[in-house]
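All values below come from the heavy atoms of this structure, side chains included, with hydrogens, waters and symmetry mates left out.
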Amino acid sequence: QVQLVESGGGLVQAGGSLRLSCAPAGRTSSSYAMAWFRQAPEKEREFVAAISRSGGITDYADSVKGRFTISRDNAKNTVYLQMNSLKPEDTAVYYCAARPFWTTGWATLPSTDIDYWGKGTPVTVSS
């Protein structure tokens with residue numbers, strides 16, 4: 001069992017930045033393709049960004065392209081989500097996710113096809 005531990009959420013004003021971190025406790029993050037999803041109040045969980053095991057491939061939801069950057073430092077066993085130019089509509093609980101293999105269908109992937117989920121970290125963007 002892999003426990004994903006997220007950190008970095010909080011309250012920020014519109015236009016500001018936050019950096020989320022995710023580390024798989026007890027396992028090497030380089031063994032997994034990693035992703036971030038988010039769920040806003042009364043909305044379904046949605047894909048945000050993903051990164052391959054080596055970090056050589058990334059994918060983003062259209063709503064965050066140009067504002068968010070996913071990266072990983074396998075030496076530190078950590079995946080990051082740098083969020084810039086935040087908007088009130090980015091307010092959500094952000095979840096880290098891991099699966100062994102890359103997919104081109106992150107946005108439509110059933111949650112059951114994700115091997116591990118974190119407990120989430122809340123992000124609130126005030127207007």
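- Sorted by first and then second residue, the disulfide (SG to SG under 2.5 Å) pairs involving residues 98-127 (not counting sequence neighbours) form an empty list.
- Atoms CG and NZ, from Leu4 and Lys119 in turn, are 11.0 Å apart once rounded to the nearest 0.5 Å.
- From Leu20, atom CG reaches atom OH of Tyr94 across 7.5 Å, with rounding to the nearest 0.5 Å.
- In terms of heavy-atom proximity, Val64 sits nearest to Val48 at CG2-O, 3.5 Å.
- Within the 4.5 Å cutoff, no side-chain heavy atoms of Thr91 are placed close to those of Glu89.
- Closest of all the heavy-atom pairs between Asp115 and Pro100 is OD1-CD, 3.3 Å.
- A distance of 11.5 Å separates CG of Leu81 from CE of Met34, quoted to the nearest 0.5 Å.
- Looking only at side-chain heavy atoms (C-beta outward), Thr124 and Val12 stay at 4.5 Å or farther from each other.
- Residues Thr121 and Ser7 are not in side-chain contact: their nearest non-hydrogen atoms beyond the backbone lie 4.5 Å or more apart.
- In this structure, Ser111 and Arg45 approach most closely via the heavy-atom pair CB-NH2, 4.3 Å.
- Taking CZ of Phe68 as the reference point, atom CE of Met83 lies at 5.5 Å (rounded to 0.5 Å).
- Between Tyr116 and Pro24 the shortest side-chain heavy-atom distance does not fall below 4.5 Å.
- Here the closest non-hydrogen pair linking Val123 and Gly9 is CG2-CA, 4.1 Å.
- In this structure, the side chain of Arg67 engages the main chain of Ser85 through a donor-acceptor pair within 3.5 Å.
- Side-chain atoms of Asp73 and Thr78 include no donor-acceptor pair closer than 3.5 Å.
- In this structure, OG1 on Thr104 lies 8.0 Å from CG on Asp59, to the nearest 0.5 angstrom.
- In this structure, Arg72 and Asn77 have side chains that are not in contact, with every pair of non-hydrogen atoms separated by 4.5 Å or more.
- Side chain of Glu6 to main chain of Cys22: no donor-acceptor pair is present (N/O by atom type, distance under 3.5 Å, no hydrogens or angles).
- The shortest heavy-atom contact between Arg38 and Ser63 is NH2-OG, 3.5 Å.
- Separation of atoms OG (Ser71) and CD (Gln82) is listed at 8.0 Å; rounding is to 0.5 Å.
- With respect to the salt-bridge test (charged N to carboxylate O, under 4.0 angstrom), the residues Lys87 and Asp90 do not qualify.
- Taking the side chain as every heavy atom from C-beta outward, Tyr32 and Val2 approach each other to under 4.5 Å.
- Hydrophobic cluster of Tyr95: the remaining members, joined at side-chain heavy-atom separations below 4.5 Å, are Phe37, Phe47, Ile57, Val93, Trp102, Trp106, Leu109, Ile114, Trp117, listed by chain and number.
- Judged by distance alone, the side chain of Asn74 and the main-chain N or O of Arg53 form a donor-acceptor pair under 3.5 Å.
- Residues Ala14 and Ser127 come closest through the heavy atom pair CB-CA, 4.3 Å.
- Hydrophobic cluster membership differs between Ile70 and Tyr80, with clusters built from Ile, Leu, Val, Met, Phe, Trp and Tyr side chains linked at under 4.5 angstrom.
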